[in-house]
Amino acid sequence: MSIKILGTGSYLPENRVTNDDLAKLVETSDEWIASRTGIRERRIASFETTTYMAAKAGKRALKQADVCPDEIDMILVATLSGDHATPNTACQVQEIIGADKAVCMDLSAACSGFIFALNTANVYIESGLAKTVLVIGAESLSKLVDWKDRGTCVLFGDGAGAAVVTKGTGIYETVMGSNGSKGAVLTCGERKLSNLLVDTKQELEQIKMDGQEVFRFAVRTVPSCIRELLKKAGLCCEEIRYYLLHQANLRIIQSVAKRMKEPEEKFPVNVDLCGNTSSASIPILLDEWNRKGNLSQGDKIVLCGFGGGLTWGAILLEWESNK
Ligand code: COA
């Protein structure tokens with residue numbers, strides 16, 4: 001069983017923030033950020049909420065797919081930075097786009113969120129419970145970042161990406177994993193016990209990260225996850241057209257390419273202009289690559305996410321042209 005991507009869309013906030021802009025805020029430099037991460041600028045929301053960006057990306061995906069909002073059975077939004085605990089982001093997107101028949105839920109798996117959501121869509125489509133699903137990754141991490149911590153504030157950006165999916169005929173394979181015992185290396189948004197029995201000052205916890213530990217996790221886990229995926233699918237590296245990895249850091253992407261002995265040209269990159277947009281990064285990149293006309297009928301592509309949880313996951317799918 002497989003899914004076909006009928007259309008993609010994305011939205012980036014209007015406001016560009018360069019490394020030089022950040023150097024006015026914390027002790028850092030364009031040279032340090034660019035050489036350690038590959039990031040040169042990122043978009044930061046000035047009026048756009050997570051829901052606003054998710055709905056914009058979703059509408060663009062629907063338009064490209066030529067699918068009406070009332071044909072959508074389900075909206076899945078992967079996010080760790082929704083605007084509310086309830087209503088969830090997916091319900092708010094539903095209201096904006098008018099997808100009245102959709103069942104709506106959010107999914108939290110940090111930077112692996114879009115992969116987990118796409119797999120969830122696949123399972124619902126396979127079971128017959130849904131026919132057409134709008135899958136979105138949307139984040140405004142800027143509201144969760146500690147803007148005094150130079151070790152993290154230079155890394156993240158805001159944005160959203162989306163895909164409309166339905167039953168397909170090509171190859172579809174996946175590998176997913178989680179390791180809760182390593183959760184402490186990347187945390188955010190702790191909601192402490194606070195009630196009539198416990199007097200705790202409630203403050204939203206900002207992003208905290210052991211950067212080196214996360215780096216080591218990524219460069220070890222991503223290649224082994226993709227190798228396992230290819231083995232499951234009975235394919236070799238040479239048969240893969242593109243690897244669309246979560247855009248956390250250029251050095252991670254280069255290291256994965258090297259460890260897999262694959263040319264860097266097979267790994268599209270936009271982390272230089274977007275920073276790390278967590279669950280939004282893969283669908284934003286997919287939309288860019290799709291709209292540039294780089295994906296053709298029958299291309300086998302790998303999508304791979306990794307991040308907080310810890311979580312990771314990869315999907316191999318065969319591109320089916322909608323024309
Ligand atoms: N500008 C200038 N100096 C900075 C800095 C910044 N923005 N951030 C940290 N530094 C300093 C540190 O304070 C430290 O200084 P010290 O040696 O005087 O103590 C020095 O640079 C080295 O810090 P370190 O944390 O060891 O740097 P690093 O080489 O590991 O690079 C990351 C830091 C975050 C870029 C790197 O660890 C990384 O990319 N990790 C993965 C993060 C990631 O992708 N997370 C999301 C996964 S989904």
Side-chain angles (χ1 to χ4, degrees), residues 17-42 44 78-81 108-116 137-142 144-159 161 176-180 182-189 206-223 225 244-259 267 269-272 274-285 303-314:
V17 174
T18 64
N19 292 344
D20 286 335
D21 292 331
L22 289 180
K24 292 176 197 145
L25 206 66
V26 288
E27 205 181 321
T28 190
S29 65
D30 178 49
E31 198 281 326
W32 194 96
I33 302 170
S35 63
R36 304 276 175 132
T37 71
I39 300 168
R40 299 204 167 271
E41 60 178 57
R42 72 287 292 141
I44 299 294
T79 186
L80 61 85
S81 54
S108 168
C111 308
S112 311
F114 186 77
I115 299 295
F116 285 21
E139 305 285 5
S140 38
L141 295 175
S142 59
L144 298 170
V145 157
D146 178 354
W147 288 101
K148 294 188 198 79
D149 176 14
R150 68 178 180 171
T152 53
C153 77
V154 301
L155 304 175
F156 299 101
D158 300 333
M176 294 193 285
S178 305
N179 181 2
K182 290 274 185 199
V185 301
L186 178 48
T187 63
C188 171
Q206 292 160 320
I207 294 175
K208 290 197 195 100
M209 183 179 65
D210 179 339
Q212 292 191 4
E213 195 56 40
V214 174
F215 193 95
R216 273 194 291 272
F217 150 71
V219 297
R220 275 194 213 127
T221 308
V222 174
C225 176
L244 283 83
L245 304 192
H246 165 50
Q247 302 286 295
N249 181 317
L250 182 63
R251 280 165 57 223
I252 292 177
I253 297 167
Q254 289 169 334
S255 166
V256 170
K258 197 168 164 203
R259 281 170 191 237
F267 293 75
V269 166
N270 66 9
V271 69
D272 52 335
C274 299
N276 177 347
T277 57
S278 190
S279 71
S281 83
I282 294 171
I284 291 171
L285 187 66
L303 313 177
C304 182
F306 52 90
L310 296 172
T311 57
W312 60 93

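All values below were derived from every heavy atom in this structure, side-chain atoms included, with hydrogens, water molecules and symmetry-related copies excluded. Every number for a ligand or one of its atoms is a count from 1 in the order of the listing. For clarity, every value in this text was computed on a predicted model and none was experimentally measured.
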| query | Just heavy atoms, cut-off under 4.0 Å: does His246 contact ligand 1 by side chain, backbone, both, or neither? | reply |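 Side chain only.
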
Side chain or backbone of Val154 under 4.0 Å from ligand 1, or both, or neither, by non-hydrogen atoms?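 It is the side chain that gets close, since no backbone atom is under 4.0 Å.
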
Considering only protein heavy atoms, which is closest to [atom], and at what distance to one decimal place?
atom: atom 33 (C) of ligand 1; result: Trp32 CH2, 3.9 Å
atom: atom 40 (N) of ligand 1; result: Gly211 O, 2.9 Å
atom: atom 25 (O) of ligand 1; result: Gln212 NE2, 4.4 Å
atom: atom 28 (P) of ligand 1; result: Arg36 NH1, 3.5 Å
atom: atom 47 (C) of ligand 1; result: Val214 CG1, 3.4 Å
atom: atom 1 (N) of ligand 1; result: Thr28 OG1, 2.6 Å

Can you name the nearest heavy-atom pair linking Gly313 to Cys225, along with the distance?
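Result for this residue pair: C-SG, 4.1 Å.
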
For a quick test of reading the model, state the closest non-hydrogen atom pair linking Gly157 to Ile44 and the distance between them.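 Heavy-atom minimum between the residues: CA-CD1, 4.4 Å.
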
At less than 4.0 angstrom from any non-hydrogen atom of [X], what atoms of ligand 1 do you find?
X: Glu27; answer: 1 (N), 2 (C)
X: Gly151; answer: 8 (N)
X: Asn276; answer: 46 (C), 48 (S)
X: Phe306; answer: 48 (S)
X: Ala248; answer: 44 (O)

Point to revise | Sub-4.0 Å heavy-atom contact, Ile252 with ligand 1 | key: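 Judged by the 4.0 Å heavy-atom criterion, Ile252 does count as contacting ligand 1.
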
query: In this structure, which one of Asp21, Asp158, Asn19 forms a side-chain contact (heavy atoms from CB on, under 4.5 Å) with Arg42?
result: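 Of all the options given, the one that passes is Asn19.
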
Here's a test for you: under side-chain contact (heavy atoms from CB on, under 4.5 Å), which of Val145, Ile207, Asp146 qualifies with Cys153?
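Among Val145, Ile207, Asp146, the one meeting side-chain contact (heavy atoms from CB on, under 4.5 Å) with Cys153 is Val145.
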
Got an N/O contact under 3.5 Å between [X] and ligand 1?
X: Ser29; value: no
X: Asn249; value: yes
X: Thr37; value: no
X: Phe156; value: no

Worksheet item: Taking atom types as modelled and ignoring hydrogens, do the side chains of Glu139 and Thr79 form a donor-acceptor contact shorter than 3.5 angstrom?
Response: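 Per modelled atom types, Glu139 and Thr79 side chains form a pair under 3.5 Å.
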
Measure the [atom1]-[atom2] distance between [X] and [Y] for me, rounded to the nearest 0.5 Å.
X: Phe156; Y: Ser142; atom1: CZ; atom2: OG; answer: 11.5 Å
X: Asn270; Y: Leu250; atom1: CG; atom2: CG; answer: 11.0 Å
X: Ile33; Y: Thr28; atom1: CD1; atom2: OG1; answer: 3.5 Å
X: Arg40; Y: Asp30; atom1: CZ; atom2: CG; answer: 5.5 Å
X: Ile284; Y: Phe114; atom1: CD1; atom2: CZ; answer: 10.5 Å
X: Thr152; Y: Asn276; atom1: OG1; atom2: CG; answer: 11.0 Å

Q. Is Trp312 close to Asn179 at the side-chain level, that is, under 4.5 Å between some pair of heavy atoms?
A.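 Side-chain contact under 4.5 Å: yes.
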
Non-hydrogen protein atom less than 4.0 angstrom from [atom]:
atom: atom 30 (O) of ligand 1; answer: yes
atom: atom 23 (O) of ligand 1; answer: no
atom: atom 20 (C) of ligand 1; answer: no

| Residue selection (non-hydrogen contact nearest atom 11 (C) of ligand 1) among Arg150, Glu31, Arg251, Met209 |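 Nearest heavy atom to atom 11 (C) of ligand 1 lies in Arg150.
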
